[in-house]
Each structure stands twice: as C-alpha cells, then as structure tokens.
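As structure tokens, the structure follows; a few thoughts come after it.
A note on names: the letters A, B, ... follow the listed sequences, proteins ahead of strands, and every chain is numbered from 1.
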There are 2 protein chains.
Amino acid sequence: MMKKIQVILVDDHQLIRDGIKSLLQDAQQIEVINEASSAAELFQLLKCQKPDILILDVSLPGMSGIEITKVIQKEFPSIRVMILSMYIGEDFIFNALKAGARGYLHKNINSYELITAIEEINKGNEYFSTQVSDIILKSFVKKAHTGVKQGEEKEEILTSRELEILKLVAEGFSNPEIAEKLVISIRTVESHKTHIMQKLLLNTVADLVKFAIRNNIIEL
Amino acid sequence: MMKKIQVILVDDHQLIRDGIKSLLQDAQQIEVINEASSAAELFQLLKCQKPDILILDVSLPGMSGIEITKVIQKEFPSIRVMILSMYIGEDFIFNALKAGARGYLHKNINSYELITAIEEINKGNEYFSTQVSDIILKSFVKKAHTGVKQGEEKEEILTSRELEILKLVAEGFSNPEIAEKLVISIRTVESHKTHIMQKLLLNTVADLVKFAIRNNIIEL
DNA sequence: ATTTAATCTACGTGAAACACGGAGGAGGTT
DNA sequence: AACCTCCTCCGTGTTTCACGTAGATTAAAT
C-alpha cells in the first residue's frame, strides 16, 4: 500500500481542528499524525515527527502562521506549508508566499478542495483557493499597470520598540499614556508612530489597528 | 427509534461547516438537516424547515449572529439558538444572551463538548463552554462589587446615520473625507463620532475599529 | 580605528482631530 | 401643543498628526 500523506494540523481552535480531522478521515490517502494549538506546541512536536505537510492557521496566539512558515522553511525545508486563513488581503497572501508557503486557502472552501490542495502540495505543486488566486491575479495586473515589479514591496520590519508602541496604540492607549508607560517624551511616541506608519504604508489609526489584529500583535 | 435532534448550521466558512457536520455525523442522536452561510440564506431555509436548534456563528456578513438571534426569538420562538464564537468578550456574551441565545460556545471546544451542548440545549437547558461561564461569573462578581445590577447596561442602538459614520471611520477615512462624502460639516461628523463613542462606551478609535470588526460593520 | 548604518530619542510648526458643552430645526408621537 | 429623537452645526481649549530636522548610542563593516 502507498504511504499516506502525513499532515500536522495547527489551529488555536480545537473545534476547527476536530472538524478538519474529521473531514480528512474520509480521505484514505491522508493521515493527520498530530496537531498543535500554538507555535510552541508545534515546535515541540517537530522534534520527534516530521510531517509531509503542515496545515497552518494564519492567526495564532504568540507567533503568526507566517512567522512560523519562515522558521519552518529554514529549519525543515522538506516540510511543505499550507496556510489556511480567514483573510484574503493581498499583503497577507504575498507575505505568506514570500515566507515560503506552498499554498494559501481561504476558509471558505469545501472539504473536496482541501483534500485536492493537500494532494497537489504534496506533489510539489502550489495550490490556491479560487478567491485567493483571483486576488493574486488582480494584484499582478494592478502592479503591471502601475509599473511596480513584484518583490519591490516593503520589506521593512518593525524594531522591537516600534512593535511595543504599535501594540499600545492598537490597544487604545493615547500618546500621553504611552509616553508615561514607557517613560519617554510624547514627541518620541509620535516619532515612533510616524515611522511605523511609513514602514507599513498605513495612513490611519484604523488601518494600524487592523494590521495589529491580522498580525496577532493584539487580540480582537 | 427516537427522533433525532434537528440542527441547522450557519457559518460563513464552508470548511468550518463541513468540519462541524462531519463531527456531528458521529453523533447518532443529532442530524444536520441544512446549512446556511448568511442570514438571508437562513431565513430562506426557515420558510420550509424548522430545526430544533440553530447553531449560529457570531460574525456573519450582513447581519450578525446576535441580530439573527433576536429575529429568530421573535419569529420562531420554538427554535433554540446556540452561538458559536471566536470571541469571548463580556459584552458579546451578554448581548447574545439578552437576544435570547440558549448557549454560547467558544470555538476552542472539542467535539464532545459540542455534542453535549446541543443535547443540553435541546432539553431546554442552557449551556456555556468553560471559558464562557468563567467570564459570566467574573462579570457577575464584578457587577456585584460595583453595585451595578445586571441588565442596567447600555441598550443604546446606533441610528442609521451613526452607523454610516462608524463604518467610514473604521474603514480609515478622516473627518474631512467623511464630511465631503456625506456633504455635511466636519463638526457634524465630530458630533456623530462623539455620540457613537458615548453610546458604545468606547474611548478610542482603536476600540471603535475593533467594535466595527466584531459586529461585522466592516471587514478586517 | 574610523566610517557607516540603524535605532531611540526629541523638538518646531501648522493642520487636523478630540472633549465638552450648547443649540436650532425637521419630523414623528402622545 | 408639548415632547422626543435625530441630524445638523458651532466655540473653545487640548491633543494628535504630518513633515522635517537632529543629537546620542550602539553595532557592524572596512
């Protein structure tokens, strides 16, 4: 008999994990060998088990799915990562792929598509759910029009201080409150904020909050 | 043979629906008779089918699970509503119960708990997942200490104009932009904003954005 | 050892936003 | 007619934003 495709499932909601496991039980060629609810748990598992495919939810407490993907690519390049997400923002998808993900599926897919995706990725191909590939195409077309080449994007990463301020801002603290907390001048807080906005290409606090939520910097 | 508990499942992500359906197939006493991905679809179904229990995701496009619950209570009081949510905010839970939900489960539960919950609710009892009941208890204790009686909460509902402004603010438009869009003065925009904050007991734009996301007023 | 780059810190200025309070008019209810 | 809600708008003082500038520290590169 053929070797089954071995999968580890990572999602912070047990109900979702149970559901997906249950779905995949119907697929004879796929075997969920283990599961994790956080990055820490996952890395613990990987000390003993190496799956063929890792199914990662993007939004995890602590380390985001995308960050995990980067680490996996570096430490265990033979493991193929498939991202499962509720969000289909362009930047999101782009960052996931840049991090080395082989597939990106929106949660609005059916079980058949999930199984197909796993099989394709296992073969070494890439797989995107319909909505996701639409967005990639649109983005490509748009970039072609505006003359921006793929990959010329923001590679900016926030410094730890900036991340700290981003978090506090998104949590709803005012500048004076943040200044007091961190024992720095209000102007400094403003400076950091400005830099953050510039780096992330964000224009409003609203966008900043959304960014923080999507990247699991704060809880919703 | 005993009549099965008939369930309709409402969630906007098909993968989640498929997963839960698959889980519930193992429970002989429960039957998922139909499913919907939006409020509109659900009400269409309810014209022909009346389930015993409705499993509702809180965050749905268009009408939130809580709003749906209210309508269900009014139109079909015999149907029992169970809320399934990723969020366990106090206000959230409180509003769901006030709307008439019989249960509130965090998605971080296992399949066994889900089945138990359905059975309990079907018997006419209420059911809350562990984390949820913790929050209810804490809230109760806190209110007892501060002397606020249960139910004395905000019952404020936003006017349509306010909702319109809330949406634009959360989407990231500045006051002048909103004023121009709606052809009103900037001061008026500010007034609406102030009223919204007062009604929702929010203090910052960050909170406002989060509120808008949780209540599906904007997309993340 | 010197240069270079990155980071954290801070300020000045004018425009925009916020908090607080007041108020008039349109439209519906009692 | 009196009442209420909602939408509209303003005054005033404080805070934040946008944009530019810049000193201090530190780490990496040559």
4.5 Å side-chain heavy-atom contact, A:F43 and A:V71: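 Touching, per the 4.5 Å side-chain cut-off.
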
Can you list the residues that meet the side-chain contact (heavy atoms from CB on, under 4.5 Å) rule with A:S38, with sequence neighbours excluded? A:A40, A:E41

Value in whole Å for how far the [atom2] atom of [N] lies from [atom1] of [X]:
X      : N      : atom1 : atom2 : value
A:I184 : C:dC11 : CD1   : P     : 11 Å
B:I186 : D:dT8  : CD1   : C1'   : 14 Å
A:I165 : D:dT16 : CD1   : P     : 14 Å
B:K199 : D:dC6  : NZ    : C1'   : 8 Å
B:E177 : C:dA15 : CD    : P     : 18 Å
A:L201 : D:dA18 : CG    : P     : 14 Å
A:R161 : C:dT7  : CZ    : C1'   : 11 Å
A:I196 : D:dT16 : CD1   : P     : 15 Å

Where the side chain of B:S129 meets the backbone of B:H106, is there a donor-acceptor pair that is under 3.5 Å apart? yes

For B:V10, is there any backbone N or O sitting under 3.5 Å from a side-chain donor or acceptor partner on B:D57?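 No; judged by distance alone, with no hydrogens or angles, the pair does not exist.
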
Taking OP1 and OP2 of D:dC7, is either one under 4.0 Å from a side-chain nitrogen or oxygen of B:T159? yes

Considering just the side-chain nitrogens and oxygens of A:T188, establish if one lies under 4.0 Å of OP1 or OP2 belonging to C:dA10.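 So the side chain of A:T188 is within the cut-off, an N or O lying under 4.0 Å from OP1 or OP2 of C:dA10.
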
In terms of side-chain heavy atoms of A:P176, which of C:dC8, C:dA17, D:dT16 is nearest?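 That would be D:dT16.
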
Side chain of B:E162: nearest nucleotide among D:dC9, C:dC8, D:dC7?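 The nucleotide sitting nearest to the side chain is D:dC7.
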
What string of B, S and - do you get for nucleotides 18-30 of chain C, 5' to 3', when a contact is any protein heavy atom under 4.0 Å? BS-----------

Let me test you: for the helix from C:dA1-D:dT30 to C:dT30-D:dA1, what is the angle between the axes at its two ends (five pairs each), rounded to 10 degrees?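 End-to-end axis angle for the helix from C:dA1-D:dT30 to C:dT30-D:dA1: 30°, rounded to 10°.
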
Answer yes or no: is there an ion pair linking A:K167 with A:E164, defined by an N-O contact shorter than 4.0 Å?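 Result for this pair is no, no salt bridge flagged.
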
Do other residues, nucleotides or ligands put more than 12 heavy atoms under 6.0 Å from the CD atom of A:E180?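 Not more than 12 within 6.0 Å, no.
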
Using a cut-off of 6.0 Å, state whether more than 12 heavy atoms not belonging to A:K181 lie near its atom NZ. no

Indicate the atoms forming the closest heavy-atom contact of B:N108 with A:H13, along with that distance. N-ND1, 3.8 Å

Looking only at heavy atoms, what is the nearest atom pair of B:A99 and B:T69, with distance?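 In this case the closest contact between B:A99 and B:T69 is O-CG2, 3.6 Å.
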
